[in-house]
Amino acid sequence: MENAMNEDANALVEEQPPSVPTILYLLYGQDGDGAHAYEIANHMRVSVWGHHALRVGGRQFYTAFAQDTPAKYGNPPQPEDPAEGVMLSAATFELVRPGTEKPWKFVGGERSVGMYGSYGREIRIDPSRLMVEHRVDDKRLLLAIPTVQTSLAGDSEDFEMSLFSFDLPDDSAERKHAWRYLGSVLTGVDNSRLCKTNPKADCTKWSGTFEVVPAPGKMPTLRVVKKGTTIDDATGSIRTVGASDTSVYVYDQEEKHYRYK
């Protein structure tokens, strides 16, 4: 009965979310004439890459995740820096008037949730996998979003779960919203396309099952149980992955980030 009550308490009311152009304007302060992605100052490209509806502390929220690519200067602009990723942002709304013409209240926008990736390449959702939501306690939630990165040569893909935490907004505080990017967990690698261009290459492919190991009142431990093939670090040859290859990630309280254990 308690589980059923908890499920009812976390049930979402369906409402049409704010539009993408509205979200981008609220975050970046520049109108894109209705576009869902556009450039602002210094060739920075802004776009919405994901969204999520959630219920925490008896309140329903909708968040749109956006990104802006690094600024480029000069003519022609300088090449992308391998150490520079895209800046992730979040616009959060609370459902306060369901069933009306204006059901959502804008809670606030965060322009610097965290830096993702390299070479200024935009974050990209993997539609073949589902998001994972884990409630840490009554006021905090962990959200894992499936993302994928393709190598610059286009012959390899890294599959990840990009991690975010959400803390219940405090209306009395100056900062009324609290999304934070916590890093990414590698859940698969596929470089099989490399063999099409280089038959002598060692092509491997592995995928992993993403698991959340709860810890009451604390950020959970994360595991990736793998299957497939990989390159052996000792011999340099292809081998099948096994139980010893399971990856474990723990939350670093000081760094506010997940790290490989």
Side-chain angles (χ1 to χ4, degrees), residues 3 6-18 20 23 27 36 47-57 59-67 85-95 104 107 109-110 113-117 121-150 157-169 177-190 207-215 218-226 247-249 251 256-258:
N3 289 338
N6 287 338
E7 288 177 5
D8 290 341
N10 294 324
L12 296 171
V13 177
E14 291 189 10
E15 283 286 354
Q16 183 69 27
V20 170
I23 290 163
L27 279 172
H36 286 206
S47 61
V48 169
W49 62 271
H51 56 87
H52 189 65
L54 61 154
R55 194 170 185 85
V56 179
R59 300 160 65 182
Q60 181 168 328
F61 300 92
Y62 171 84
T63 293
F65 296 102
Q67 61 189 332
V86 294
M87 180 59 70
L88 304 180
S89 306
T92 300
F93 304 81
E94 183 175 359
L95 183 63
W104 299 100
V107 177
E110 294 176 277
V113 171
M115 190 73 74
Y116 171 89
R121 290 182 295 164
E122 296 171 310
I123 190 169
R124 185 160 54 97
I125 282 186
D126 178 6
S128 68
R129 294 177 288 145
L130 298 176
M131 294 185 186
V132 175
E133 187 181 283
H134 171 76
R135 295 179 184 279
V136 180
D137 53 38
D138 291 340
K139 296 185 177 181
R140 173 174 287 189
L141 178 144
L142 173 69
L143 179 65
I145 302 178
T147 53
V148 58
Q149 281 273 15
T150 303
E157 288 185 321
D158 288 351
F159 298 90
E160 307 162 323
M161 294 297 279
S162 294
L163 310 170
F164 297 84
S165 64
F166 176 79
D167 289 283
L168 189 67
H177 45 96
W179 281 101
R180 184 189 295 271
Y181 174 57
L182 307 179
S184 296
V185 169
L186 186 64
T187 60
V189 174
D190 180 3
S207 61
T209 301
F210 177 75
E211 298 180 350
V212 177
V213 183
K218 298 180 180 179
M219 298 297 284
T221 296
L222 306 175
R223 297 199 313 166
V224 180
V225 181
K226 305 174 183 178
S247 299
V248 178
Y249 296 80
Y251 184 67
K256 308 292 184 186
H257 216 260
Y258 270 92

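Treat the numbers as computed from the prediction; the structure is a model and nothing was measured.
- Distance check, rounded to the nearest 0.5 Å: NZ of K226 to CG of L186 gives 6.5 Å.
- Scored by the side-chain hydrogen bond (donor to acceptor under 3.5 Å, both in side chains) test, S162 finds T147, S184 as partners (sequence neighbours excluded).
- At a threshold of 4.5 Å between non-hydrogen side-chain atoms, the residues L88 and F65 do not count as touching.
- Contact between E15 and L95 at its shortest, heavy atoms only, is CG-CD1, 3.6 Å.
- For D138, the CG atom sits in a loose shell: 12 or fewer heavy atoms of surrounding residues, nucleotides or ligands are nearer than 6.0 Å.
- By the 4.5 Å heavy-atom criterion applied to side chains, L142 and Y258 are counted as neighbours.
- Between L141 and R135, the shortest heavy-atom contact is CD1-NH1, 4.0 Å.
- The aromatic rings of F166 and W179 sit tilted, their planes meeting at an angle between 30° and 60°.
- In this view, K256 and R180, Y251, Q253 satisfy the side-chain contact (heavy atoms from CB on, under 4.5 Å) rule, not counting sequence neighbours.
- In terms of the side-chain hydrogen bond (donor to acceptor under 3.5 Å, both in side chains) criterion, residue partners of D190 (sequence neighbours excluded) are, by chain and number, S192.
- Checked by atom type and distance alone, the side chain of R55 never pairs as donor or acceptor with a backbone atom of V13 at under 3.5 Å.
- Scored by the side-chain hydrogen bond (donor to acceptor under 3.5 Å, both in side chains) test, H52 finds E133 as partners (sequence neighbours excluded).
- Under the ring pair (Phe, Tyr, Trp, His ring centres under 6.0 Å) criterion, Y116 pairs with no residue at all, not counting sequence neighbours.
- For the side-chain contact (heavy atoms from CB on, under 4.5 Å) test, residues two or more places apart in sequence or in another chain that qualify with A64 are I23, V48, Y62.
- Here R140 pairs with D167 under the side-chain hydrogen bond (donor to acceptor under 3.5 Å, both in side chains) rule; sequence neighbours left out.
- The line from CE of M87 to CD of Q67 is 12.0 Å long, rounded to the nearest 0.5 Å.
- With rounding to the nearest 0.5 angstrom, the OG atom of S247 is 11.5 Å from the CZ atom of F210.
- Among all heavy-atom pairs drawn from A90 and L27, the shortest one is O-CD2, 3.5 Å.
- Side chain of W104 to backbone of E94: no donor-acceptor contact under 3.5 angstrom is found.
- Applying the ring pair (Phe, Tyr, Trp, His ring centres under 6.0 Å) rule to Y181 yields the partners F164; only residues at least two apart in sequence or on another chain are considered.
- Nearest heavy atom pair, residue P146 against residue M161, reads CA-SD, 3.6 Å.
- With sequence neighbours excluded, the residues satisfying side-chain contact (heavy atoms from CB on, under 4.5 Å) with V213 are T221, R223.
- What you find for L222 and V185 is that their closest heavy atoms are CD1-CG2, 4.1 Å.
- The minimum heavy-atom distance linking F61 with L168 is given by the pair CE1-CD1, 3.8 Å.
- Listed by chain and residue number, R124, E157 satisfy the side-chain contact (heavy atoms from CB on, under 4.5 Å) test with T150 (two or more places apart in sequence, or in another chain).
- Here the side chains of S47 and H36 are not in contact, with every heavy-atom distance at 4.5 Å or above.
- L163 has its side chain out of reach of L143: every pair of non-hydrogen atoms, C-beta onward, lies at least 4.5 Å apart.
- Here M219 contributes atom CE and H257 contributes atom NE2; the two are 11.5 Å apart, rounded to the nearest 0.5 Å.
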